[in-house]
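So the structure is just underneath, and the comments pick up after that.
Ligands are counted one by one from 1 in listed order, and the atoms in each one are counted from 1 as well. Residue indices begin at 1 and follow the sequence shown. Basis for what follows: all heavy atoms, side chains included, without hydrogens, waters or symmetry-related copies.
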Amino acid sequence: MEIVRLTQDVTVLHGAVNMGLVRCDEGFVAVDTGIDKQAAKQLQRAAADMGLPLVAIVNTHAHADHFGGNAQLLKQARLPVFAPVGEAAVMRQPRFEPEYLWQGAQPLPQLLNKFLQAPPTPVDTEFAPGVELVIGGRVFQTVSLPGHSSNQCGVLADGVLFAADAYFDADVVDKHGVPYMVNYPQILASARAVAGIAASSYVPGHGAPVANPSPHISALCQRHEEAYGVVIERVQSEATLEDVVAEVCSKFGLNPANPGAYVLLRTPVAAYLTAAVEAGRVLPVVRAGRMWFVPAEEELCSD
Ligand SMILES: [Zn+2]
């Protein structure tokens, strides 16, 4: 964990998951709280070292690694919590995360871990994407950045954009192969939107703060576009979701080693398929106990 002072009032705790501390009148506002108790303690220590208490939490989205520290911080003091509308529901009922990853069913026990399910947290203020929050006299401009999750928001404060998981460091993209997302058109639009927001520093959820995020954004968009191409290519000879996941693994040299890693790859593949169906290129057809994805023209011809 490296502590990076980006401006007089904005400090980032840069680690596997970034967390921000933004100074306001009464103390510091945490932007995301990391994955667990340990992360929360690091936030508290960093604030204490700078001589002020934590006074509020703003969460960008409802993934366990971004709000997992809330519960610990709230044990120490009942801080107000701000989160985007829609994301807040999952933060209050975090079992929804492993549930949606397992198609709404009771999750496999292998999906019940701190990476996929955080302790529940109250949310005091649900904000609509794009609204301006004023906390302790400090303006936090929220920015709608959906696609990685349905209602994810970035936060712009003192000229620093906390971009959440709208883009990743290019190394992180390489590590994941196909980074998690839920909506293909939106992930591209949001990543590109980040580049258009004027800021002195850009802080992704995972990766170093930078002055120019464009190379990272290009790397992310390129990877998603390549993966979408692999999906379209594979369904030319009809395929199930699982067939397409296997094809993506083989094309990008990925080898998910457990059910958690597998479902985190299956979701973006499902999102590519939804986009292909919405674009009129592919159709879902249920036949012989399987859901097949076939080229849209083929299905028209066979009618
Ligand atoms: Zn995330």
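- Remark: at the Zn ion (ligand 1), atom OD2 from Asp165 and atom NE2 from His61 enclose 90°, rounded to the nearest 10 degrees.
- Judged purely by distance below 3.5 Å, without hydrogens or angles, the side chains of Asn18 and Asp32 never pair a donor atom with an acceptor atom.
- Checked by atom type, the side-chain pair Tyr167/His148 shows no donor-acceptor distance below 3.5 Å.
- Atoms NE2 of His148 and ND1 of His63, as seen from the Zn ion (ligand 1), are separated by an angle of 90°, to the nearest 10°.
- A donor-acceptor contact closer than 3.5 angstrom is absent between the side chains of Asp171 and His216.
- Side-chain atoms of Asp9 and Thr7 include no donor-acceptor pair closer than 3.5 Å.
- Among the backbone and side-chain atoms of His66, none of the N, O or S atoms lies under 2.8 Å from the Zn ion (ligand 1).
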